[in-house]
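For reference, the structure is listed below as structure tokens.
Just so you know, ligand 1 is whichever comes first in the structure, and atom 1 is the first atom listed for that ligand.
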Amino acid sequence: MSLHYLIDTYGCQMNEYDSALIASMLEKNGCEPTEDPNEADLFFFNTCSVREKAEESAKARISKMKFYKKRRPWIKFIVTGCMAEHLGPRLIDQVDCIDYVIGPDKYNQIPEILFKHPVIVKKHNVQERVLTGFDIEENYIGEYAKIAHPFSSYVTIQRGCNFRCSYCIVPFVRGREKYRAADDVIYEVEKASERGISEICLLGQTVNAYRNHGTDFADLLVKISEIPGIRRIRFMSPHPRFYTEKLIDVLQSVPEICPHAHIPLQSGSDAILDKMKRRYKVDDFMRILEKFRGKNPDYGLTTDIIAGFVGESDEDFEQTLAAVKEAQFDAAFMFAYSPREGTVSAQETETLSEEQKQERLARLVELQNSITLKRNKLMIGKTEEILVERPSSKDPNEWVGKTGSFKKVVFASKTAKPGDYVKCHINEVRGWTLRGTPVTE
Ligand code: SAH
Ligand code: SF4
Ligand code: F3S
């Protein structure tokens, strides 16, 4: 009988991709997927460290799952991802039901450790159960993520990060930047396309810094756009520093590339951006937005912002609110600052209490919500192509999908199915959601 595996994924899309990579390695070794914890023999927890809360919730979840070990003591708990790299052997002390801790550069050793030479889990051999550390050569060449989604797929093109933003743990848990060979990326996209994937999202922490033997990010986008069957190309997460003229030109001229850019602002104060070591000023940032919106006012723009960064004064925060008003983002991911072990900013004493940080976050969210609503209302009367994702949870005759600019649209249809591209006339905004009617029916 084959072993069943279950993967619980936390954090960003890079972890989603890695979970699919691990799934494919396991299936090559005869394992089968399951969603049922009563049936799973191998439990993977692919974790995130970006904020304290992310680690806390993963640890709580793992402890809760211990219940299944009581009934089936042979099952294994394997922690992978950023928290595995961050805490290493400390994790085994902190959560007593963990068998293995495997960092993001060591996934190739999973089959070895689980199937070929499994370490008998004993209290004293902690070192043998913890595989962490970086390998600058490890790009998982020749390993491809399992395609579980019917029409959309992530493809990692860059691992690690060479920036050292003063608040960020990612460089400490993912190591230095490395790029996957363009040929390997293209091979993966071609295979995905043959399996019916029409939307590709390229991933990296500073994805637009990609370069590999003379191929830069813009060149790679063009090559991917030429692969038959690929209709939508997205990417996460670009860094404002690498929006070159050449890249912006390609983004605006290649029809397969979606008119949506996620550009993380982090703060609207130059003094804070400097302290964060972001390497751009608010003006530089606004000029990039202007290049997109100047040509296409409907261009989708989303961002990430941190409220209550260490040393953020009332005035700095007011400048963030002003920048958000000026930028008119379609949506934003907003977070309260969380000090992270090992980072430069964690060495500084915070002047804001947790309540003050949460209060700033709430004001920011409220402002952005009003802008999101305003931007959504501007879509009324327009016709948009929607990639259909799933039936609506409220009404099975209604479908949910996204515009190229990354806006959610709900519409009624008797013939639509997931993966279809449907032209819709946008009629109204209900709550925050756009509603439309198919124009072809
Ligand atoms: N590479 C991306 C960001 C990856 S982390 C970039 O450079 O933009 C995703 C987001 O988490 C960040 O954009 C930031 O807004 C947030 N974040 C990272 N570290 C954080 C911290 N210590 N506290 C609060 N938010 C944080
Ligand atoms: Fe973190 Fe900065 Fe790297 Fe983004 S660019 S992953 S925020 S260090
Ligand atoms: Fe979290 Fe690691 Fe991604 S820290 S945000 S899962 S790279």
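At least one N or O atom of Ser338, backbone or side chain, sits closer than 3.5 Å to an N or O atom of ligand 1. The shortest N or O to N or O distance between Ser237 and ligand 1 is not below 3.5 Å. At under 3.5 Å, not a single nitrogen or oxygen of Tyr337, backbone or side chain, sits near a nitrogen or oxygen of ligand 1. Looking at Arg51 next to ligand 1, an N or O pair under 3.5 Å apart turns up.
Atoms of ligand 1 lying under 4.0 Å from any heavy atom of Arg278, numbered from 1 in the order shown and given with element: 6 (C), 7 (O), 8 (O). Atoms of ligand 1 lying under 4.0 Å from at least one heavy atom of Gln205, given by number and element, are 1 (N), 2 (C), 3 (C), 4 (C). Contact atoms of ligand 2 toward Pro171: 8 (S) (distance under 4.0 Å to a heavy atom of the residue).
Contact annotation: for Cys82 versus ligand 3, heavy atoms closer than 4.0 Å belong to the side chain alone. Neither the backbone nor the side chain of Pro339 has a heavy atom within less than 4.0 Å of ligand 1. When non-hydrogen atoms are compared, ligand 1 lies under 4.0 Å from the side chain of Phe335 (C-beta onward) but not from its backbone.
Cation-pi geometry between Arg234 and Phe406 is not satisfied (NZ or CZ under 6.0 Å from the ring centre, within 45° of the ring normal).
Within the 4.0 Å heavy-atom shell around ligand 1 one does not find Thr206. Ligand 3 lies out of reach of Gly81, whose nearest heavy atom is not under 4.0 Å from it.
Of the N and O atoms on the side chains of Thr206 and Glu177, at least one donor lies less than 3.5 Å from an acceptor on the other residue.
If you check which protein heavy atom lies closest to atom 24 (C) of ligand 1, you get Ala336 O, 3.4 Å.
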